[in-house]
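Before any comments, here is the structure.
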Number of protein chains: 2
Amino acid sequence: MSRRKVTLDANEAAAYIAHQVSEVIAIYPITPSSPMGEWADQWSSERRDNIWGTVPLVAELQSEAGAAGTVHGALQTGSLTTTFTASQGLLLMIPNMYKIAGELTSTVFHVTARSLAAQGLSIFGDHADVMATRQTGFALLCSNSVQEVMDFALIAHAATLKSRIPFIHFFDGFRTSHEVMKVEQLTRDDVRAMIDDELVRAHRARGLSPDNPVMRGTAQNPDVYFQARETVNPFYLATPGIVQETMDQFAKLVGRQYHLYDYVGAPDADRVIVVMGSGAEVTQETVEYLNANGEKTGVLQVHLYRPFAVEQFAQALPATTKTIAVLDRTKEPGSTGEPLYMDVVTAMAEAVGAGLVPALPRIIGGRYGLSSKEFTPAMVKGVFDELKKAKPKNHFTIGINDDVTHTSLDYDLSFSAEDPNMVRAMFWGLGADGTVGANKNSIKIIGEDTDNFAQGYFVYDSKKSGSLTTSHLRFGPKPIHSSYLINKANFIACHQFSFLERYDVLKNAELGAVFLLNSLYGPDQVWDHLPSSAQKQIIEKKLKFYVIDAYAVAKETGMGSRINTVMQTCFFAISNVLPRAEAISAIKHSIEKTYKKRGEAVVQKNFAAVDGTLERLYEVKVPDKVTSTFDMRPPVPAEAPEFVQKVTAAMIAGNGDDLPVSALPVDGTYPVGTTQWEKRNITLEVPVWDTEVCIQCGKCVLVCPHAVIRAKVYDPKYLADAPATFKSTAARWKEFSDYKYSLQVSPEDCTGCTLCVE
Amino acid sequence: MSRRKVTLDANEAAAYIAHQVSEVIAIYPITPSSPMGEWADQWSSERRDNIWGTVPLVAELQSEAGAAGTVHGALQTGSLTTTFTASQGLLLMIPNMYKIAGELTSTVFHVTARSLAAQGLSIFGDHADVMATRQTGFALLCSNSVQEVMDFALIAHAATLKSRIPFIHFFDGFRTSHEVMKVEQLTRDDVRAMIDDELVRAHRARGLSPDNPVMRGTAQNPDVYFQARETVNPFYLATPGIVQETMDQFAKLVGRQYHLYDYVGAPDADRVIVVMGSGAEVTQETVEYLNANGEKTGVLQVHLYRPFAVEQFAQALPATTKTIAVLDRTKEPGSTGEPLYMDVVTAMAEAVGAGLVPALPRIIGGRYGLSSKEFTPAMVKGVFDELKKAKPKNHFTIGINDDVTHTSLDYDLSFSAEDPNMVRAMFWGLGADGTVGANKNSIKIIGEDTDNFAQGYFVYDSKKSGSLTTSHLRFGPKPIHSSYLINKANFIACHQFSFLERYDVLKNAELGAVFLLNSLYGPDQVWDHLPSSAQKQIIEKKLKFYVIDAYAVAKETGMGSRINTVMQTCFFAISNVLPRAEAISAIKHSIEKTYKKRGEAVVQKNFAAVDGTLERLYEVKVPDKVTSTFDMRPPVPAEAPEFVQKVTAAMIAGNGDDLPVSALPVDGTYPVGTTQWEKRNITLEVPVWDTEVCIQCGKCVLVCPHAVIRAKVYDPKYLADAPATFKSTAARWKEFSDYKYSLQVSPEDCTGCTLCVE
Ligand code: SF4
Ligand code: SF4
């Protein structure tokens with residue numbers, strides 16, 4: 001049976017399965033899990049049904065505590081019930097989770113693993129939330145990639161019915177939940193084949209009902225609670241076997257064979273990394289690269305984290321393993337070690353005791369990737385290098401510079417395991433300029449119309465208005481395990497000229513890469529308008545440099561300021577992902593599909609934009625010398641206080657990753673009033689004060705949300721030294737008849753929201 | 001400096017310290033922590049001040065989530081803030097705990113460790129709740145006894161200010177929280193000496209205030225969250241040292257020297273148990289007993305659980321240690337092992353790696369004492385015996401019979417490490433008859449008026465009305481480490497004659513023990529009214545048997561049905577805890593103190609009861625043969641269904657501890673309608689239907705909360721076969737003019753609440 005290839009992110013993949021096998025879905029939105037609830041809600045409102053032909057009831061509660069209570073309650077009626085959550089939301093579910101597990105109730109919670117608020121809040125991904133539930137009695141099944149999310153979602157729903165143990169199915173927040181990937185879509189028949197209706201009936205029969213009255217949730221006293229708590233042992237002992245059986249059944253049906261613990265690498269590896277989540281993909285890519293270059297490394301990818309199956313775990317490791325590094329994507333301050341590390345030490349000590357393993361390997365543990373901190377092949381290599389040492393560092397960190405307690409490992413930042421045959425394209429865009437949408441569309445075109453594998457990941461900054469987005473797209477003939485941002489790009493597009501002065505846009509360009517710039521200046525003028533560091537990189541990295549005046553094309557072809565189609569066309573025209581003609585026809589086909597509903601005129605305008613683009617796309621002849629007399633603007637003015645200079649400025653410039661531990665406050669305490677130093681300069685139009693028209697009502701001052709407009713009434717003597725361009729007029733108040741009035745606008749802070757002129 | 005000896009329970013001990021060093025106390029009641037909040041509330045309402053002369057603000061919130069938020073908020077203003085909680089209450093605090101710890105905020109949460117609701121709810125004690133917070137970044141300090149609770153409460157409040165790490169100070173729910181012990185009370189000067197005002201000022205200076213504006217609780221992105229999370233390392237690394245320093249400072253001041261990990265036992269022990277909480281006391285008692293009998297055992301008592309100090313832990317173990325059993329008072333289904341076990345395995349593996357320990361000892365882990373399941377010297381010996389085996393069982397349970405997955409260790413139930421010189425007195429009383437109050441008073445008398453050590457523990461059944469209470473009192477010249485119920489009593493008092501038919505009151509009587517019975521029957525008649533099994537035990541165990549008609553004495557001396565003073569007098573008269581004359585004068589002194597406020601007449605009535613008692617207390621001449629023709633009543637009738645016969649009946653009879661794992665439902669699901677089989681027979685007076693007076697309004701039927709009274713209108717033909725005593729009368733309704741009316745009362749279900757006759 002041939003299955004459709006689709007490009008989607010993990011949230012959609014999980015929701016796609018969960019919606020098909022649920023009757024009740026209790027939700028409360030929390031980043032990065034919200035899209036799962038949104039998809040489920042949308043599909044139910046569209047009357048999409050589950051595999052039994054009924055439309056799941058999607059209920060949004062008042063908090064995750066309510067969602068958990070609803071899940072528990074619905075399960076107790078015998079309904080097939082699921083929920084989606086993360087982070088603090090998951091914490092609010094903990095009390096109910098003990099009960100759901102204690103009552104041996106089949107359910108799956110799909111969790112986008114996310115950091116917990118500690119010294120600061122973070123919406124990004126790590127395993128802190130999931131680890132806070134490891135003692136509840138839930139099984140924990142981890143997906144490492146978008147394909148696994150779809151597959152394991154189904155495996156979890158099948159296994160929970162067989163085992164009666166509730167499951168958390170989790171995957172990395174953002175890195176996996178928001179990664180767009182080309183995957184094979186499971187069919188409704190697949191889902192039907194994996195879910196055993198007999199087990200569904202058994203689940204339903206356990207529901208509380210007046211027809212079959214039983215009591216549940218009683219109080220138990222010291223006389224029997226302990227014995228009752230031990231009754232569940234056989235269920236937990238059986239679960240690893242059940243999950244493996246379910247994986248085997250899945251393999252027979254679909255072809256992809258998974259194991260509780262999947263080992264990838266040299267069969268005679270001496271050094272092995274144990275890791276779960278998207279980091280396992282990165283480690284796999286690195287292991288394959290290193291082994292191709294003569295090393296003997298391996299990665300043990302953890303899928304079933306709870307129940308932890310000691311025997312299967314130990315047996316999955318090569319007998320040759322001498323040293324192990326366990327990577328945890330969480331930090332539990334004051335613990336003996338991070339949780340996966342402690343599991344591995346305990347498991348291996350027991351495996352030695354049981355004769356499964358001859359001697360205890362040297363095991364070290366480390367932290368990586370907290371809160372979506374990048375985890376790259378360079379870091380993986382750093383860990384493998386550490387394992388070579390006679391006394392490798394334990395309780396290390398990788399990926400940061402810990403200059404305080406010196407936990408961090410050094411690693412070679414320049415190391416890369418990227419496949420040279422892969423298209424690696426980075427796009428610098430504005431939140432509002434359509435870059436992300438166009439890129440998602442490009443992935444769909446390439447992913448669904450060709451045999452290429454495709455991946456897209458989108459980084460948003462935290463500013464709401466005028467935010468920077470960088471898109472990271474990979475395309476290529478081989479499966480993609482690169483769950484990290486592109487750091488060696490062979491295509492870079494900058495959709496906003498002004499970025500060149502603010503960000504090091506070309507930092508990740510590799511030798512000979514293509515650079516596409518949206519520029520008001522044509523191929524002959526543009527060079528002189530580039531900051532010197534950009535010129536330098538274009539020359540030294542021998543970039544192929546193209547310009548397009550996208551705003552001009554968009555305006556001329558009636559697209560207004562929407563430059564997405566223009567820039568997308570340029571990408572296809574010069575990136576060589578597809579033959580040019582084929583690419584152009586694919587774009588036009590996609591335009592037709594997208595805009596048909598909005599009428600033929602819109603379609604034609606877009607077609608015109610495509611054709612106009614090709615005419616206005618120019619390669620720039622790159623001079624061989626840096627000629628520019630200016631460089632990038634400093635992120636904050638020189639008079640900013642020390643903390644702002646040192647910390648805030650680095651973060652504004654996009655270099656926060658380079659800040660060492662010592663630069664950050666120990667307890668999340670920050671100085672106030674630092675936003676005054678961040679001049680964002682994001683508007684294209686600012687209000688201008690017209691002294692003739694102004695009635696001095698002051699409403700614009702009041703209404704501006706960014707305090708851009710300030711009014712002042714003052715003694716005329718102060719005008720003596722004012723510059724000639726300084727505007728003033730007579731104050732209109734009787735009380736201040738001898739005074740002057742001025743209204744000043746701070747263009748650097750204006751967001752162009754237009755509230756002041758409305 | 002001489003300190004007062006006081007008898008109090010651990011809740012009062014913790015509250016006593018917490019109230020002195022706090023400014024804000026946020027509470028929400030949850031068993032078994034509620035008394036801490038109640039004490040604090042009472043003291044503040046009495047305007048008792050803290051060591052700085054201000055009265056702490058005690059605020060009761062709407063849940064523990066609110067209490068945690070209030071704690072976090074108050075701490076952020078710089079207030080010294082505390083709270084008290086347990087179980088689900090603690091779970092609701094988890095989200096705020098991450099923030100409080102992440103922000104390095106000094107506070108102490110006092111927690112009575114309690115089970116979590118899983119297959120059933122339980123109000124009793126184990127470490128499941130505390131273990132659910134071990135990843136939050138809080139330090140966890142465990143007290144094993146009431147004296148330690150007072151001492152460690154102060155040490156925790158001092159250490160949190162020094163370390164900036166928030167503390168959970170925990171102790172076993174009920175077993176420690178409700179154990180009444182004679183302890184040395186710390187003085188206000190002690191408290192003042194331990195709390196450094198400079199550190200208090202520093203804590204206050206970190207508060208958010210308009211005078212010193214800072215920002216806290218920001219959002220952090222992938223660029224800096226990881227580094228910021230690592231900034232706290234030096235604080236966690238310093239904490240074990242700070243706690244030890246604080247313990248040393250405390251030792252200098254008070255004389256009691258504690259360590260992070262206190263080893264007790266043979267310096268050359270080969271077998272060591274690692275344990276924390278009240279179980280550590282039991283293990284200590286057993287170790288001392290075993291070693292006195294030639295064994296080489298030891299116990300490592302864990303005080304500082306987080307941060308776990310690997311080096312100090314490894315160094316506290318004797319170098320001779322060959323095998324270790326780690327006892328966890330919690331169960332985490334699906335885990336690689338219980339938490340303390342995993343900490344010990346990891347710590348020892350690291351200690352071997354660091355060269356602190358030559359080789360990894362064999363380490364096994366087991367569960368004990370869940371939900372206040374008894375943990376006794378016999379069980380400790382069972383564990384030590386297991387450690388002698390070539391292949392000791394790992395992941396064992398002790399104290400139950402696991403006939404399903406066979407985790408349980410066998411042990412010799414008859415083993416006892418009780419000190420023969422200790423008075424071990426058990427009292428069987430009714431919730432309402434004043435037994436517990438009288439016993440608490442006896443402990444005070446003996447504890448505070450003599451040099452004896454004293455301990456009291458009280459077991460309540462879960463029934464609200466007419467509940468059984470058993471009191472377990474120990475007195476003796478040596479410190480008491482027996483944190484378990486008395487199973488070899490040398491004094492047993494039964495305050496309700498009817499108990500003899502329902503409970504095996506004499507089961508725990510040791511050879512030659514004293515048995516005191518409150519009996520309507522005098523010394524010459526009583527024998528024939530005893531069930532045969534009671535007679536048998538009295539003869540075989542050679543008990544000294546006394547009777548008192550306590551209700552008669554109470555009535556005669558104007559005490560109504562309050563028999564507490566009478567029974568207390570008997571205890572002192574025949575137990576030989578104190579010389580009789582001294583004891584009687586102590587009781588009278590105590591009566592004066594207690595009742596003076598209520599007038600001289602009350603005092604004199606009580607004095608009369610004391611004197612009357614001595615006149616009416618008789619020793620029974622025990623026959624040498626069992627003569628009784630009846631025995632204990634079966635707990636449920638023979639026609640009850642199988643589950644009730646097998647499970648409910650055992651629980652009703654007080655033998656629930658003997659139920660094997662297989663007897664209990666796997667998922668907390670129970671049959672309904674089982675209360676019908678439990679005929680409690682607890683009332684002394686039942687309503688009688690007076691056919692003359694009854695107007696057939698039916699209100700009594702409606703009002704009875706136990707459905708004791710049922711009315712029926714029926715065809716007179718059914719009376720044909722009715723017994724002669726069956727009452728009936730003409731129905732008063734026009735519609736039923738030919739019918740009969742009967743009202744029936746089920747005396748066995750009546751609680752004597754009197755609602756029906758009001
Ligand atoms: S456009 Fe918006 S941000 Fe700019 S000055 Fe007007 S109100 Fe302020
Ligand atoms: S005394 Fe109370 S329990 Fe007994 S019959 Fe009357 S109302 Fe019912």
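By convention in this document, chain letters (A, B, ...) are assigned in the order of the sequence lines, proteins followed by strands, and residues within each chain are numbered from 1. Scope of the values below: all heavy atoms of this structure, side chains included, with no hydrogens, waters or symmetry mates.
Using modelled atom types, one side-chain atom of B/Gln227 and one backbone atom of A/Gly656 make a donor-acceptor pair closer than 3.5 Å.
Interface residue A/His395: only side-chain heavy atoms are found under 4.5 Å from chain B. Interface remark: B/Tyr670 contributes backbone and side-chain atoms alike to the contact with chain A (heavy atom separation under 4.5 Å). With a 4.5 Å cut-off on non-hydrogen atoms, A/Pro213 touches chain B through its backbone and its side chain both. Neither the backbone nor the side chain of A/Phe174 comes within less than 4.5 Å of any heavy atom in chain B. A/Glu350 touches chain B through its side chain: at least one heavy atom from C-beta onward sits under 4.5 Å away, while N, CA, C and O do not. Proximity to chain B (any heavy atom under 4.5 Å) is shown, for A/Ala219, by both the backbone and the side chain. Using a 4.5 Å cut-off between heavy atoms, B/Val666 touches chain A through backbone and side chain atoms alike. Residue contact with chain B, scored on non-hydrogen atoms closer than 4.5 Å, is absent for A/Ile165. With a 4.5 angstrom heavy-atom cutoff, B/Pro671 touches chain A only via backbone atoms. For A/Thr346, the parts lying under 4.5 angstrom from a heavy atom of chain B are both the backbone and the side chain. Contact annotation for A/Pro240: neither backbone nor side-chain heavy atoms come within less than 4.5 Å of a heavy atom of chain B. A/Phe308 touches chain B through backbone and side chain together, each having a heavy atom under 4.5 Å away. If you measure heavy-atom distances from A/Leu140 to chain B, you find no contacts under 4.5 Å at all. Residue A/Asp126 touches chain B through its side chain alone, counting heavy-atom pairs closer than 4.5 Å. Heavy-atom distances place no part of A/Phe313 under 4.5 Å from chain B, backbone and side chain included. Interface remark: A/Asn394 contributes side-chain atoms only to the contact with chain B (heavy atom separation under 4.5 Å). Interface remark: B/Leu208 contributes no atoms to any contact with chain A (heavy atom separation under 4.5 Å).
Rounding to the nearest 0.5 Å places CG of B/Leu664 at 8.5 Å from CG of A/Asp223.
Legend: residues meeting side chain to side chain contact (heavy atoms under 4.5 Å, CB included) with A/Asp403, ordered by chain and number and at least two apart, are A/Asn401, A/Pro660, A/Val661, A/Ser662. Applying the side chain to side chain contact (heavy atoms under 4.5 Å, CB included) criterion to B/Lys99, with sequence neighbours excluded, gives A/Ala117, B/His72, B/Glu103.
If you run side chain to side chain contact (heavy atoms under 4.5 Å, CB included) between B/Val224 and each of A/Leu659, A/Asp657, A/Val647, only A/Leu659 comes through.
Comparing A/Arg206, A/Glu332, A/Lys331, A/Glu338 by how many heavy-atom pairs each has under 4.5 Å with chain B, the most go to A/Lys331. In terms of non-hydrogen atom pairs under 4.5 Å with chain A, the most contact-rich of B/Gly365, B/Ala132, B/Gly337, B/Gly353 is B/Ala132. When each of A/Thr397, A/Val232, A/Asp402 is scored by its heavy-atom pairs under 4.5 Å with chain B, the top score falls to A/Thr397. Options B/Lys391, B/Arg367, B/Gln88, B/Met651 differ in how many heavy-atom pairs under 4.5 Å they form with chain A, and the most are formed by B/Arg367. Contact count against chain A (heavy-atom pairs under 4.5 Å) is highest for B/Phe235 among B/Phe138, B/Phe235, B/Tyr305. Listed options A/Ala65, A/Ser371, A/Ala309 were ranked by heavy-atom pairs under 4.5 angstrom with chain B; first place goes to A/Ser371. Note: A/Met215 leads A/Arg134, A/Glu374, A/Met215 in heavy-atom pairs under 4.5 Å with chain B. Counting heavy-atom pairs closer than 4.5 Å to chain A, the top-ranked of the candidates B/Val352, B/Thr218, B/Asp658, B/Val345 is B/Thr218. Taking B/Ser87, B/Ala228, B/Gly369, B/Gly137 one by one and counting their heavy-atom pairs under 4.5 Å with chain A, the maximum is reached by B/Ala228. Ranking B/Leu91, B/Val404, B/Asp343, B/Ile364 against chain A, the residue ahead of the rest is B/Asp343, based on heavy-atom pairs under 4.5 Å.
Of all non-hydrogen atoms in A/Ala347 and B/Thr336, the two that sit nearest each other are N-CG2, 4.0 Å. The minimum heavy-atom distance linking A/Thr407 with B/Glu230 is given by the pair OG1-OE1, 4.4 Å. Of all heavy-atom pairs between A/Val672 and B/Val214, the closest is CG1-C, 3.5 Å. The shortest heavy-atom contact between A/Ala349 and B/Leu360 is CB-CD2, 4.5 Å. Shown here for A/Gly120 and B/Tyr225, the closest heavy-atom pair between the two residues is O-CE1, 3.6 Å. Here the closest heavy-atom approach between residue B/Phe226 and residue A/Ile400 is recorded as CD1-CG2, 3.5 Å.
Between A/Pro665 and B/Thr231 the shortest side-chain heavy-atom distance does not fall below 4.5 Å. Contact annotation: the side chain of A/Met342 never approaches that of B/Pro339 to less than 4.5 Å [non-hydrogen atoms, C-beta and beyond].
Looking only at atom types and distance, the side chain of A/Asn221 has no donor-acceptor partner in the side chain of B/Lys373 under 3.5 Å away. B/Gln220 and A/Gln119 share a side-chain donor-acceptor pair at under 3.5 Å.
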Between A/Asp667 and B/Arg164, is a salt bridge (charged side-chain N to carboxylate O under 4.0 Å, His left out) present by the stated rule, with each step listed?
CA-CA 10 Å; A/Asp667 57 1; B/Arg164 294 190 60 187; 2.7 Å; yes

Evaluation steps, side-chain contact (heavy atoms from CB on, under 4.5 Å), between A/Ser335 and B/Gln135
CA-CA 7 Å; A/Ser335 65; B/Gln135 72 293 338; over 6 Å; no

